[in-house]
Amino acid sequence: MSARPAFALAALAAGVVLGGCATTTAPGGAPIDTRHVSVNQDSRVLFVVLHYTVANLADSLKVLTGPRDEVSAHYLISDDAQPVVYRLVPEERRAWHSGASHWRGHAMLNASSIGIEIVHPGFRERADGTREYLGFPKAQIDTLIPLLKDIVQRHGIRPERIVGHNEVLPQNKEDPGPMFPWQRLADEGLVPWPDAQRVAAQRALFERQLPEVTWFQQMLARHGFAPLAGGVLDEPTRRTISALQMRYRPARYDGTPDAETAAILHVLVTPP
Ligand SMILES: [Zn+2]
C-alpha cells in the first residue's frame, strides 16, 4: 500500500503542478509552500545511549516491548552467532531507556537520544558476592559499529555524545560496564579517546600532588556528568568517578581518585 497516489490526487485537486513546485495543502485547505528551507536546523537526536540488557533475548524482547516494565529502546542487538538488530521503536519516536539522565547540560535524554540495548548478561556474581563483568562477543560489536556509524551520520551526532547508560545515570546504572570495548569505538573514529602521551605526562604531575576532591567534581561536571558539589568524596562522587574509570581505565574502577584518573580527566577536558 502506498500513500503516493492519494497525495498526487489531493495535490492535483488543489491545482498544484507536481515537480516544479513543492506546494500542497494543509488540513483545512490552506496552501503549504515548502520552497523556503531554513539552514538553521538539526536533528532532534543529539545523543546515543548504549546499554546491556542483563536478560536473554526472549526476556529482553518481552521487557522492551510489553506494557509491564514501561521501558524500551530503539534498537536491540541479539546475542545470536550472527546477531539480529531488532528495531523496537522508530527513531523519530521517543524510546524509554535512560530515565532521569544527564549529559553535558542536557537532562532526561530519552527525548533527545537513540537507545541501543545489547543482549548481554553484564556480569556474573562470584561466591563472595563481587561481580565478574563479562566480555562482549566480537560479532555483537561488529554489528553495533556500522549501526552506530549510520545513526551518527544521519543525525550528525558529535563523538562526545555517544555515551553509556552508567555515564548519564551513574548513581543507578553500571551498563554497558567495564568490559564494553570503548577503545574499539574510538579506533573506529566514533568516540574520543584521551591521548596516551598526554595522559602519561599529566599523570607524572598529579603523582606529585593529587588534586582535591573539588577539582574532580568540577572536572567531571565539565566533562559532561551531572553536577557534583561539596568537595567531599561521597557516594555520588565515587560512583561518578567509577563510571569514568569503567570507560577509560577499566583495569580499576573503584571510584577512588588517583593520579591516572585525574590525568585522563584533565586530558579529556582540556583539548591540546
Ligand atoms: Zn541501561
Side-chain angles (χ1 to χ4, degrees), residues 45-79 83-91 93-104 106-125 131-137 140-141 143-145 147-148 151-152 157 160-182 184-185 190-191 223-226 235-236 238-248 250 253 255:
V45 177
L46 304 174
F47 303 92
V48 177
V49 182
L50 301 174
H51 308 256
Y52 59 58
T53 58
V54 179
N56 64 28
L57 176 60
D59 289 344
S60 299
L61 280 169
K62 209 180 291 175
V63 167
L64 293 169
T65 62
R68 195 192 66 190
D69 299 279
E70 298 192 333
V71 292
S72 60
H74 294 91
Y75 296 101
L76 174 69
I77 299 178
S78 82
D79 58 350
V84 174
V85 177
Y86 293 83
R87 197 187 67 189
L88 309 178
V89 177
E91 287 184 10
R93 304 270 297 167
R94 183 167 58 162
W96 303 344
H97 58 93
S98 70
S101 47
H102 179 108
W103 193 249
R104 295 202 162 224
H106 294 253
M108 309 297 285
L109 301 183
N110 284 347
S112 56
S113 67
I114 284 178
I116 302 178
E117 289 274 4
I118 301 169
V119 176
H120 187 270
F123 54 86
R124 162 168 52 219
E125 218 146 271
R131 287 177 176 185
E132 181 194 358
Y133 283 89
L134 305 170
F136 288 77
Q140 280 186 314
I141 305 304
T143 303
L144 171 67
I145 284 172
L147 176 65
L148 265 179
I151 291 168
V152 162
I157 295 169
E160 67 273 19
R161 291 180 171 188
I162 298 176
V163 285
H165 199 186
N166 65 329
E167 293 175 284
V168 300
L169 201 51
Q171 307 312 325
N172 303 77
K173 295 293 175 182
E174 287 83 33
D175 63 315
M179 297 299 283
F180 184 80
W182 285 107
R184 175 144 180 234
L185 268 59
L190 282 162
V191 296
H223 178 52
F225 288 101
E235 189 59 16
R238 274 189 174 278
R239 287 196 64 99
T240 305
I241 292 173
S242 175
L244 181 91
Q245 291 169 335
M246 277 192 184
R247 175 158 172 171
Y248 295 103
Y253 48 86

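Sequential numbering from 1 along the given sequence is applied to the chain's residues. Order of listing sets the numbers, starting from 1, for every ligand and every atom in it.
Counting only distance, with no hydrogens or angles, the side chain of Arg161 and the backbone of Val48 share no donor-acceptor pair below 3.5 Å.
Around the Zn ion (ligand 1), protein N, O or S atoms at less than 2.8 Å comprise His51 ND1, His165 ND1, Asp175 OD2.
Side-chain atoms of Glu174 and Ser242, non-hydrogen and from C-beta on, never get closer than 4.5 Å to each other.
Going from atom CZ of Phe180 over to atom CG of Leu50 covers 5.0 Å, rounded to the nearest 0.5 Å.
When each of Ile118, Thr143, Leu144 is paired with Pro83, the side-chain contact (heavy atoms from CB on, under 4.5 Å) condition holds for Thr143 and for no other. Checked options Leu61, Asp59, Asp175, Val119; the residue passing with Thr53 is Val119 (criterion: side-chain contact (heavy atoms from CB on, under 4.5 Å)).
Relative orientation of the His120 and Tyr52 rings is tilted, given thresholds of 30° and 60° on the angle between their planes.
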